[in-house]
Student: 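My structure is below; once you've seen it, I'll send some questions.
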Protein chains: 2
Amino acid sequence: MAKSKDPSEPGSGEQRRLQMVDIARLAGVSVSTVSRALNGSELVNAETRQRVAELARSLNYSINFGARNLRLQENKTIAVVVPYDASSRQHISDPFFLSIVGAIADALTDRGYDMLLSRVDADRLDSAAHWVDSGKAIGVVLIGQWRQHDQLNDMAARKLPLVVWGGEMPQQLYASVGGDNVLGGSLATRHLLQLGRRRIAFFGDAKLPEVWLRRQGYAQALREAGLQVDPALELAAPFEPGVATDIVRSFCAARRDFDAVFCCSDVLALLTSQALRATGRSVPGEVAVVGYDDMPLAAYCDPPLTTVHQPVGEAGEALVEALLGQLSGERPGPRTMPVCLKLRASAPAAA
Amino acid sequence: MAKSKDPSEPGSGEQRRLQMVDIARLAGVSVSTVSRALNGSELVNAETRQRVAELARSLNYSINFGARNLRLQENKTIAVVVPYDASSRQHISDPFFLSIVGAIADALTDRGYDMLLSRVDADRLDSAAHWVDSGKAIGVVLIGQWRQHDQLNDMAARKLPLVVWGGEMPQQLYASVGGDNVLGGSLATRHLLQLGRRRIAFFGDAKLPEVWLRRQGYAQALREAGLQVDPALELAAPFEPGVATDIVRSFCAARRDFDAVFCCSDVLALLTSQALRATGRSVPGEVAVVGYDDMPLAAYCDPPLTTVHQPVGEAGEALVEALLGQLSGERPGPRTMPVCLKLRASAPAAA
DNA sequence: ATGAAAGCGCTAACAT
DNA sequence: ATGTTAGCGCTTTCAT
């Protein structure tokens with residue numbers, strides 16, 4: 001049993017954290033009264049309430065949330081989990097994911113929740129459940145569904161409070177919030193077609209749900225224009241710049257039979273512009289490039305990126321709302337948010 | 001008092017979270033034994049230990065950390081706090097800060113600590129103390145000291161476990177970890193001088209300690225070359241791209257009497273390249289540009305940025321080590337880490 | 001309007 | 001080797 005340290009014991013230099021019992025003693029009331037006063041209960045005399053509150057403030061007292069939560073069986077902590085690619089040992093790094101994290105942080109703070117941030121192996125998204133199982137958090141926001149649609153469905157089946165940033169897939173049991181990827185893909189592709197481009201490459205790993213959906217939009221826009229999808233112009237480039245660089249470079253070095261590229265992230269678009277120029281082609285002159293995400297730096301690249309804008313701030317709000325909704329009993333469901341095309345120099349407005 | 005819900009009560013559909021008492025009942029032992037078994041105590045019979053552990057695993061039990069922490073007076077959560085500029089309402093956004101957060105997340109995870117991420121008004125860095133006061137975290141890592149050197153000293157005086165990413169300042173009571181800013185400033189400037197540039201502008205807000213130190217390195221390198229600092233070539237550009245853009249643009253539009261710029265962040269360097277080209281100057285031909293941080297995207301910009309590389313991974317480790325050191329009684333102190341110059345096209349190696 | 005006491009889920013000292 | 005019990009700091013029922 002813990003030694004009960006006598007607080008009046010002289011020479012005990014170590015300063016114990018202030019707690020209610022201390023306030024109570026100093027105010028000459030009981031702990032219950034302090035608790036009530038600090039929680040603004042009507043049951044306690046206004047004058048006493050005032051006095052206790054004052055005292056607590058002046059002593060810089062702040063409540064022990066661990067104890068409070070245990071007693072109230074309550075917790076206002078949400079786990080936000082950013083997957084990383086274990087094989088390539090790539091870190092949280094895509095600027096877009098990080099923007100989303102910022103937006104979620106804001107949305108949570110506004111609602112009085114705390115955010116526990118962690119990273120998880122993208123192959124084991126289900127390990128994110130431990131945050132809830134251990135009581136450290138009451139729900140999970142996962143940034144990206146990666147290849148683990150099934151794991152996510154399992155988690156949802158287990159009633160884990162969960163929201164995923166990502167695309168809406170058929171037979172999806174978990175709640176998701178994402179941009180309208182099909183629309184994004186077709187907006188980007190239609191714009192390139194309007195510029196008169198006919199040989200439009202697609203860069204992105206279609207094993208990822210979001211990319212798969214963007215590819216649908218891409219294919220649809222081509223069909224509308226009476227064109228065929230040419231599989232030779234599809235490159236399964238991943239999001240991690242380290243891995244993607246080589247893939248993009250060798251593609252650009254090997255083929256010259258395309259006049260535009262639709263990239264599934266701005267980072268990819270940047271790599272692509274660079275690779276194209278390294279092989280002597282101009283952007284957008286010979287090859288127009290469209291990115292995806294509209295990351296904070298997209299407007300400051302050279303050339304500034306034409307890109308599909310994702311509504312980051314609203315996304316943060318929507319993710320948090322969806323999660324809190326579940327926690328108050330709503331049924332999880334997918335949500336798709338509008339996206340729009342930001343025209344910049346890498347694929348400028350049609351002349 | 002909480003109603004004691006009889007667990008054997010029939011028809012109670014609501015599933016309560018599994019706890020030790022449940023395992024104990026099913027295993028036919030007492031809670032203490034379960035506790036001991038799960039903590040691998042030698043006091044419990046090996047066979048029993050095995051059986052209990054098995055049972056817990058198969059039932060997917062996980063311990064309630066809130067209760068455990070309350071009992072053990074222990075907590076393994078660290079608050080990581082990213083300041084934001086309240087006046088401009090700018091968010092966490094500088095890629096470099098975000099990289100550091102990622103590195104800290106890794107370092108904490110490796111050591112079994114959790115990370116609470118939050119944002120704070122850069123004018124009120126001291127409000128970060130509430131994480132510790134409330135017991136939600138046992139220490140604070142602050143990303144950047146901004147203009148609040150004094151607040152930080154106050155926090156340290158209050159014995160708040162705290163580490164700050166930033167520059168080492170005179171009369172500093174708090175622990176800090178940072179790159180060698182003076183070295184960084186002089187490496188960058190010397191390189192530009194070697195390229196034959198003589199009119200080197202300095203972009204950065206010298207009210208921030210880190211920038212102030214970089215400026216010292218800059219000034220020192222100029223003096224070594226027998227040159228004077230020209231105050232007209234100093235621009236107090238902030239880190240927030242939104243605010244900085246206009247400032248940088250009007251400076252570049254107004255003056256043409258410089259042939260190089262040393263920027264205190266890569267984002268600033270990007271803005272500067274863009275502004276220069278908008279006024280018809282080539283980079284690095286007419287004006288060479290050096291950035292700072294070596295953010296993940298620096299190599300993929302156009303032109304790729306020559307920049308002062310900060311050791312992000314090591315920085316994360318060092319910040320965490322410094323904080324944990326304080327928690328085990330070490331005296332806080334500053335730590336400065338080496339930096340180096342990464343040569344790329346925006347200020348290429350001398351011919 | 002206030003205080004005494006029980007208990008949130010866990011650990012550990014003390015018994016056996 | 002295992003069980004009993006007290007208590008971590010708080011809230012709340014119950015009694016006054």
Side-chain angles (χ1 to χ4, degrees), chain A residues 1-7 14 16-53 56 59 61-76 132-136 138, chain B residues 1-7 16-53 55-56 59 61-76 132-136 138:
Chain A
M1 185 171 319
K3 237 168 298 172
S4 73
K5 205 181 299 174
D6 180 356
E14 186 182 321
R16 205 171 37 89
R17 251 188 64 196
L18 213 56
Q19 48 189 74
M20 276 197 182
V21 59
D22 302 309
I23 310 285
R25 192 173 302 128
L26 292 166
V29 294
S30 73
V31 243
S32 335
T33 302
V34 175
S35 172
R36 285 193 271 252
L38 262 31
N39 288 307
S41 162
E42 289 299 327
L43 283 168
V44 63
N45 186 309
E47 186 269 324
T48 317
R49 195 163 57 212
Q50 181 78 16
R51 194 160 49 84
V52 169
L59 292 176
Y61 167 78
S62 49
I63 203 173
N64 181 325
F65 273 90
R68 177 177 217 268
N69 289 345
L70 180 59
R71 173 65 235 226
L72 294 184
Q73 299 286 72
E74 172 186 301
N75 184 345
K76 301 196 64 161
V132 174
D133 293 338
S134 67
K136 285 182 180 172
I138 50 172
Chain B
M1 188 171 316
K3 235 169 300 172
S4 73
K5 203 184 299 174
D6 181 356
R16 205 171 36 90
R17 249 188 66 195
L18 212 57
Q19 47 188 74
M20 277 197 183
V21 60
D22 302 309
I23 311 285
R25 192 174 303 127
L26 292 165
V29 295
S30 74
V31 242
S32 341
T33 302
V34 174
S35 172
R36 285 192 271 250
L38 262 31
N39 287 307
S41 161
E42 289 299 326
L43 283 168
V44 62
N45 186 309
E47 186 269 324
T48 317
R49 194 164 57 211
Q50 182 79 16
R51 195 160 48 85
V52 169
L55 189 61
L59 293 175
Y61 167 78
S62 50
I63 202 173
N64 181 325
F65 272 90
R68 176 177 217 267
N69 289 345
L70 179 58
R71 173 64 236 229
L72 293 184
Q73 299 287 71
E74 171 186 302
N75 184 344
K76 302 198 59 159
V132 173
D133 294 337
S134 68
K136 285 183 180 172
I138 50 172

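Below, read A as the first sequence line, B as the second, and so on, with proteins coming before strands; counting in each chain starts at 1.
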Student: For B/T33, which contact category applies under a 4.0 Å heavy-atom criterion: base, sugar-phosphate, or nothing?
Tutor: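 Sugar-phosphate, backbone atoms only, no base.
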Student: Rounded to whole angstrom units, what separation is found between the CD atom of B/Q73 and the P atom of D/dC10?
Tutor: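 Taking CD of B/Q73 and P of D/dC10, I get 10 Å after rounding.
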Student: Can you check the A/M20 CE to C/dA5 P distance for me, whole Å?
Tutor: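 That distance rounds to 19 Å.
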Student: Would you indicate which nucleotide in C/dC10, C/dT11, D/dC10 comes nearest to any side-chain atom of B/N64?
Tutor: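 Nearest to the side-chain atoms of B/N64, counting from C-beta on, is C/dC10.
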Student: Where do A/E42 and A/R36 land on the salt bridge (charged side-chain N to carboxylate O under 4.0 Å, His left out) test, with the steps shown first?
Tutor: CA-CA 8 Å; A/E42 289 299 327; A/R36 285 193 271 252; over 6 Å; no
Student: Just by distance, do the side chain of B/R49 and the backbone of B/S41 share a donor-acceptor pair under 3.5 Å?
Tutor: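 It does hold such a pair.
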Student: Does A/S35 offer a backbone N or O that forms a donor-acceptor pair with the side chain of A/N39 under 3.5 Å?
Tutor: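 Answer holds: yes.
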Student: Would you find a donor on one side and an acceptor on the other, under 3.5 Å apart, between the side chain of B/N75 and the backbone of B/G135?
Tutor: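 Indeed, once roles are kept as given, a pair shorter than 3.5 Å links the two residues.
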Student: Could you tell me whether the phosphate oxygens of C/dG9, OP1 or OP2, come under 4.0 Å of any side-chain nitrogen or oxygen in B/Y61?
Tutor: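 False: B/Y61 side-chain N/O out of range (4.0 Å or more) of C/dG9 OP1/OP2.
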Student: What does B/L70 touch in the nucleic acid at a heavy-atom separation under 4.0 angstrom: a base, only the sugar-phosphate, or nothing?
Tutor: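 Result for B/L70 = base.
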Student: Going by modelled atom types, is there a donor-acceptor pair between the base of D/dT4 and the side chain of B/S32 at under 3.5 Å?
Tutor: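 Such a pair is found, so the answer is yes.
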Student: For C/dT11, does either OP1 or OP2 sit under 4.0 Å from a side-chain N or O belonging to B/R68?
Tutor: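 Result: yes.
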Student: Could you tell me how far apart A/L72 (CG) and C/dG7 (P) are, to the nearest whole angstrom?
Tutor: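 Taking atom P of C/dG7 as the reference, CG of A/L72 is at 16 Å.
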Student: Checking B/D22 side chain against B/Q19 main chain: does a donor-acceptor pair fall under 3.5 Å?
Tutor: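 Flag set: sc B/D22 to bb B/Q19 pair under 3.5 Å.
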Student: Using atom CD1 of B/I63 as one end and atom P of C/dC8 as the other, report the distance to the nearest whole Å.
Tutor: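 Atom CD1 in B/I63 sits about 16 Å away from atom P in C/dC8.
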Student: Any donor and acceptor pair, going by atom type alone, linking the side chain of B/S62 with main-chain N or O of A/D133 inside 3.5 Å?
Tutor: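 Here the side-chain-to-backbone pair exists.
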Student: I need the CG-C1' distance between A/L18 and D/dG9, as an integer number of Å.
Tutor: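 That distance rounds to 12 Å.
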Student: Please list, in numerical order, the residues of residues 36-52 of chain A that have a heavy atom closer than 4.0 Å to any atom of DNA chain D.
Tutor: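 Close to the strand are A/R36, A/N39.
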Student: Whether the side chain of A/R51 engages the backbone of A/A27 through a donor-acceptor N/O pair (distance < 3.5 Å, no angle test) should be reported.
Tutor: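 Such a contact is found between A/R51 side chain and A/A27 backbone.
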